[in-house]
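This report refers to the structure that appears directly beneath it.
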Amino acid sequence: MSYAEGATAIPLVAGEFLQAQRSYPIVFSNDADAAPLAVTGTAAGTNLFASEGAWAEGHYVPSYVRRYPFISMAPTEGGVTLLGIDLAAAKVTTDAVRDGARALFLEDGSPTTFASASMAFCDAYALEHERTRAFSAALVAENLLATREARIVLSGGAEKRVQGFRLVDEAAFRSLSSDTLATFHRNGWLDLIILHLASQLAWQGLVERSATPAEAPAQAVA
């Protein structure tokens, strides 16, 4: 997983919030999409969970990472969904005799079991991504997101700050009308908000992974 070692934040889809919140603070991007992200580092270009080609044991690996080097693409005019692939990825080869290589197509041009499974995974991701976009759009429409920063207080008194993200504002959330709450409940969005808020407890574990012995973090506050 060396391709993810420089990713400070990883995109998430709604179905991953439950697993992801145990390890990562879940935040929302500052752009118009307000995409949910799992924070994986406290400094730009650093992923505290990906090292030497592997993901940290015992921590959830986001599907955005697991689907690589594949990506599903929008259906064509004929309704056919295409499976995209990063040909520059180290795992991809056009050498049919490379040891351990798994073919994508059979001799008759149909997909192999491996290719079909990859396509199914990417299709499921694409569907969940659309559900997630609807959730984020609802948060923006109801003005529930507020710009925040994580303040890390080290044992010596020095501070680090992680900026550039948004969180659900709890006061605005508590002020939602009963009709809006009913809509959010019906769509499963209340669960996602609660998981997002609970994930803020993961900041402490994140900074503990990043601190050197001389910088033992005393507190992390988002």
Check whether any side-chain heavy atom of [X] lies under 4.5 Å from a side-chain heavy atom of [Y], and answer yes or no.
X: Pro36; Y: Phe17; value: yes
X: Pro62; Y: Glu16; value: yes
X: Tyr68; Y: Lys91; value: no
X: Ser63; Y: Val13; value: yes
X: Leu197; Y: Val168; value: yes
X: Val27; Y: Leu167; value: yes
X: Leu104; Y: Pro111; value: no

Considering non-hydrogen atoms only, spot the tightest contact between [X] and [Y] and give its length.
X: Val140; Y: Ala32; result: CG2-O, 4.3 Å
X: Ala50; Y: Glu5; result: O-CG, 3.5 Å
X: Ala138; Y: Trp189; result: CB-CZ3, 3.3 Å
X: Ala150; Y: Phe165; result: N-CZ, 3.6 Å
X: Ala14; Y: Thr132; result: N-OG1, 2.8 Å

Between [X] and [Y], is there a donor-acceptor pair closer than 3.5 Å when you use the side chain of the first and the backbone of the second?
X: His59; Y: Ser23; value: no
X: Thr8; Y: Gly45; value: yes
X: Thr180; Y: Leu176; value: no
X: Thr40; Y: Ala7; value: yes
X: Asp31; Y: Ala34; value: yes
X: Ser116; Y: Thr113; value: no
X: Thr183; Y: Asp179; value: yes
X: Arg166; Y: Ser29; value: yes
X: Asp33; Y: Ala35; value: no

Please say yes or no: joined through hydrophobic side-chain contacts below 4.5 Å, possibly via intermediate residues, are [X] and [Y] part of one cluster?
X: Val61; Y: Leu48; result: yes
X: Ile194; Y: Leu145; result: yes
X: Phe184; Y: Leu18; result: yes
X: Leu106; Y: Leu83; result: no
X: Tyr60; Y: Phe121; result: no

As an exercise, state the distance from [atom1] of [X] to [atom2] of [Y], rounded to the nearest 0.5 Å.
X: Leu195; Y: Gln19; atom1: CG; atom2: CD; value: 9.5 Å
X: Gln200; Y: Ile26; atom1: CD; atom2: CD1; value: 8.0 Å
X: Asn30; Y: Gln163; atom1: CG; atom2: CD; value: 10.0 Å
X: Leu139; Y: Leu144; atom1: CG; atom2: CG; value: 5.5 Å
X: Ile71; Y: Asp86; atom1: CD1; atom2: CG; value: 9.5 Å
X: Leu192; Y: Ser199; atom1: CG; atom2: OG; value: 11.5 Å

Taking the six-membered ring where the residue is Trp, are the ring centres of Tyr3 and Trp55 under 6.0 Å apart?
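For Tyr3 and Trp55, the ring centres are not under 6.0 Å apart.
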Under 6.0 Å between ring centres, would you say that holds for Phe49 and Tyr24?
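Yes.
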For Arg174, all residues meeting side chain to side chain contact (heavy atoms under 4.5 Å, CB included), sequence neighbours excluded
Glu170
Flag yes if more than 12 heavy atoms outside Tyr64 fall under 6.0 Å of its OH atom; otherwise flag no.
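Check fails, neighbour count at 12 or below.
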If you count every heavy atom of other residues, nucleotides or ligands that lies below 6.0 Å from Arg66 atom CZ, does the total exceed 12?
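Buried by this count: over 12 neighbours within 6.0 Å.
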Test side chain to side chain contact (heavy atoms under 4.5 Å, CB included) on Phe173 and Leu190 and set out the steps.
CA-CA 10 Å; Phe173 175 45; Leu190 289 182; 3.7 Å; yes
Inspect the contact between Arg148 and Asp169 and indicate whether a charged nitrogen and a carboxylate oxygen are less than 4.0 angstrom apart.
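Looking at Arg148 together with Asp169, the answer is yes, because their closest N to O distance falls below 4.0 Å.
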Would you call the rings of Phe114 and Phe70 parallel, tilted or perpendicular, taking 30° and 60° as the class edges?
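Geometry flag for Phe70 against Phe114: perpendicular rings.
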Starting from the C-alpha separation in whole Å, work towards a yes-or-no answer on side chain to side chain contact (heavy atoms under 4.5 Å, CB included) for Val39 and Leu206.
CA-CA 8 Å; Val39 181; Leu206 189 68; 3.6 Å; yes
According to the salt bridge (charged side-chain N to carboxylate O under 4.0 Å, His left out) rule, which pairs have a member within residues 108-131, sequence neighbours left out?
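For residues 108-131, and leaving out neighbouring residues, the salt bridge (charged side-chain N to carboxylate O under 4.0 Å, His left out) pairs sorted by first residue read Glu128-Arg131, Glu130-Arg133.
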